[in-house]
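Remember, predicted model here, so these are calculated numbers, not experimental data. Residues take their numbers from the sequence shown, with the count starting at 1.
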Amino acid sequence: MVSDSNRELIDKIRHMNYEELYKFANEIREYMISVISQNGGHLASNLGTVELTLALYRVFDPFEDYIIWDTGHQAYTHKLLTGRWEEFKTLRKFGGISGFTNIFESEVDRFGAGHVGTSIAAALGIEKALNLEGKKANVVVVIGDGALTSGQALEALNQVRSQNSKIKIVLNSNGMSISKNVGGLSMLLESLRTSKIYLTIKDSIKRGMSGSVEFELKKIREALKVALVGEDFFESIGLKHFGPVDGHDLKILEEAFKQIKDYPYPTVLTVFTIKGKGYTHSETNPTRYHGVEKFDPDSGDFEKPENAFSYSEVFGKVLTKLAQEDTKIVALTAAMPDGTGLNIFAKSFPERFVDLGITEQSVVTYAGGLATIGYKPVVAIYSTFLQRAYDQIIHDIALQNLDVLFAIDRAGLVGTDGPTHHGVFDIAYLKSIPNLKILTPVNAADLANMLYSILKDRDKYKGPIAIRYPRDVEFGNLDKICDKIEYEDPFKWKVLTKGKDIALLSVGTITQDYIDMCKKNNYTLIAVRSVKPLNEEVLQEIINDYNFVFTIEEGSILGGFGESVISYYVNNLIDKYPDVRIINIGISDNFVTHGNRKELLKLVGLDCENVEKTIKENIEKHLLKGVKNI
């Protein structure tokens, strides 16, 4: 490939004929598969937008116009065409380029996005600023149909006409977000996509006419759409709706983009694409190949260590087992049944499985409704996605002290997805909410036991409870864990190693990493299984027995568990034990970049070596009361 500094590739594709463009599209796909199979990343969604991006950038100029890519996980071709062809080899690697759009990475990444549904609102704000500056530029949004289940996207759509906007919205309709789309709007789009009568008429028209003429017959097609699927949603809120057009037909796409470019009102162009296009494995299973780790590009097989299982699998399998005996258990998620492990539950109990699409707010309140009728709702959502439902957690659940169990997946550092997905804020954003309790299992078996204990004895463990666990794996036999579930108090801390003088209070599964180091140094290691409430009995013993107490958490220090320990000590024990030193170890007040988990733990100082170093450096700074030879 020739050098592609900044806009060189944009200029090249504008001079290609269609045969050359299709050949280049294949080259892009092969390059993507080669890199993603080694680095991991979002595969299926990006394979589906290759022709769309090529045609879009032959008409709109990403260096002059403002192209906003919703979520960013469909923007790899955008990255390749805008000066990052060689850098693409570093995708998601530590120090390399991001897997999402990132305003710090390129001037043409107009708005950073790792979460869905932000594009239209951001585009309206950008357009407003350009108008205030007296600048003329096209503002284009590329959004997937799955994003239209997001409340923020729908709210922004509702404001387009009232803002006198002229934005161009390209609706990439592939019937998928991560998993299969759900909801009324998705059903409407899918009915249009799959209508045999419509497709037959459309194909007949296309065979007999050029792309330009075919597009000019939009009024006939729009009449057909209304006749077949009812009133057009976008037209009903004042947006001109064009299409649908074939998202892999470069000529038709280019003509459509030319038409909407000069249209003087806000427009929506529906583009039908195939998620995973051009790679058999991802076309046949786009959900499995949405976000991938390292795999063999020839066979499509994923590299997975032998006897490894994820915490998501533990959660899904254990919850399914519990639901076999308890018909009151209902599982809910927001478009993430596979990612959270609830696909296992959904197959066994479809009538007690709820997926509301990308609507975290609604899912939480829906769960509250279930709880008021005596059901046991379990809401499984990634840590960073749950942030979107903060008001609902407070107002709809905690304020009414409803028995909703939150399974917070991807807590802590998640690796190559980077700062948009690191679950390092959940302790801080949940800890201050009255009635809400926060649990952090020390390992997979502990997670299984917590689920069992809470759901078996919900009358004892009342109110909202959050269990947070990482995107990580353990090794062993998952079936044995499920067969040996037992009841134990989930709010009790556990002593893992017993030493003298120095005590470590460690939160969650990362605690296991420190066992050998603590044994070597004769430190006491406590597994903090309950962040809120604190296990005051054990904490008082620790303050009484140890001169130095270190808290360790794979989360933000600000507002974290360590602050709770210091607050308890200052308010209750400092007069009695004035010489005790409490030091917090965690993630500082920064966003953490992307990289593999091992690299990131070292970066933030939570790897075993750095934790040991931090402990010893702090000991050297202070005199220990009555302690020698430290």
Side-chain angles (χ1 to χ4, degrees), residues 33-44 91-94 96 99 178 281-282 285 287-321 336-344 380 382-383 407 409-418 421-423 440-449 468-485 496 506 508-517 527 554 594-604 606-609:
I33 293 168
S34 173
V35 171
I36 296 170
S37 67
Q38 295 300 309
N39 297 12
H42 291 90
L43 181 63
L91 180 75
R92 293 161 57 95
K93 287 187 174 182
F94 186 66
I178 296 173
H281 301 294
S282 59
N285 192 354
T287 298
R288 180 67 185 90
Y289 287 85
H290 172 77
V292 299
E293 300 299 331
K294 191 173 183 179
F295 68 96
D296 180 350
D298 294 325
S299 67
D301 294 336
F302 290 87
E303 294 187 6
K304 185 177 181 180
E306 189 175 354
N307 297 323
F309 55 86
S310 70
Y311 283 87
S312 303
E313 289 177 289
V314 176
F315 164 73
K317 193 160 187 176
V318 171
L319 190 67
T320 302
K321 180 178 181 178
M336 295 298 294
D338 292 76
T340 60
L342 283 182
N343 55 331
I344 307 169
Y382 291 3
S383 172
D409 203 325
R410 270 55 168 185
L413 297 168
V414 300
T416 53
D417 277 338
H421 285 61
H422 291 319
T440 56
V442 69
N443 54 32
D446 203 22
L447 170 60
N449 291 341
R468 67 187 302 268
Y469 46 92
R471 181 187 188 180
D472 205 357
V473 298
E474 281 197 15
F475 296 89
N477 191 321
L478 178 54
D479 291 331
K480 286 185 178 180
I481 289 177
C482 294
D483 291 339
K484 293 183 178 180
I485 300 174
L496 300 186
S506 182
T509 61
I510 197 174
T511 304
Q512 299 171 100
D513 296 348
Y514 307 132
I515 292 175
D516 291 340
M517 182 267 289
E554 195 178 336
H594 58 272
N596 68 47
R597 181 171 166 78
K598 184 177 180 180
E599 290 169 330
L600 297 183
L601 286 173
K602 184 175 182 179
L603 176 69
V604 300
L606 287 174
D607 62 305
C608 195
E609 182 180 345

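Of the possible polar contacts, one joining the R410 side chain to the G339 backbone as a donor-acceptor pair under 3.5 Å is found. For H594 (side chain) and K93 (main-chain N/O), a donor-acceptor pair under 3.5 Å exists by modelled atom type.
Taking CG of L478 as the start and NZ of K317 as the end, the distance is 5.0 Å to the nearest 0.5 Å. Once rounded to the nearest 0.5 Å, the distance linking OG1 of T511 with CD of E554 reads 9.5 Å. Rounded to the nearest 0.5 angstrom, R288 CZ and S282 OG are separated by 12.0 Å. Atoms CD1 and NZ, on I485 and K480 in that order, are 15.5 Å from each other to the nearest 0.5 Å. Within the model, atoms CG of N39 and OG of S34 stand 9.0 Å from one another, a figure rounded to the nearest 0.5 Å. From I515, atom CD1 reaches atom CE of M517 across 10.5 Å, with rounding to the nearest 0.5 Å.
We find that R471 and D417 are joined by a salt bridge, their nearest charged nitrogen and carboxylate oxygen being less than 4.0 Å apart.
Each of L603, N596, V604 was evaluated against L600; a single residue qualifies, L603, per the side-chain contact (heavy atoms from CB on, under 4.5 Å) test. Residue I510 forms a side-chain contact (heavy atoms from CB on, under 4.5 Å) with just one option from D472, D607, L606, T440, and that option is L606. Shown are D479, V473, V314; of these, the side-chain contact (heavy atoms from CB on, under 4.5 Å) with F309 is made only by V314.
Closest approach of A444 to I481, counting heavy atoms only: CB-CD1, 3.9 Å. Residues V414 and G423 come closest through the heavy atom pair CG1-N, 4.3 Å. For the residue pair A380 and T340, the shortest heavy atom distance occurs at O-CG2, 3.7 Å. Closest approach of P305 and F475 over heavy atoms only: CB-CE2, 3.4 Å.
The closest side-chain heavy-atom distance from R92 to H42 is below 4.5 Å. Side chains of I344 and F315 form no contact here, defined as non-hydrogen atoms less than 4.5 Å apart. Y311 has its side chain within reach of T509: a pair of non-hydrogen atoms, C-beta onward, lies under 4.5 Å apart. At a threshold of 4.5 Å between non-hydrogen side-chain atoms, the residues L496 and V442 count as touching. With a 4.5 Å cut-off on side-chain heavy atoms, L413 and L601 count as touching.
Note: F295 and Y289 have perpendicular aromatic rings, judged against thresholds of 30 and 60 degrees for the angle between ring planes.
Checked by atom type, the side-chain pair S312/D409 shows a donor-acceptor distance below 3.5 Å.
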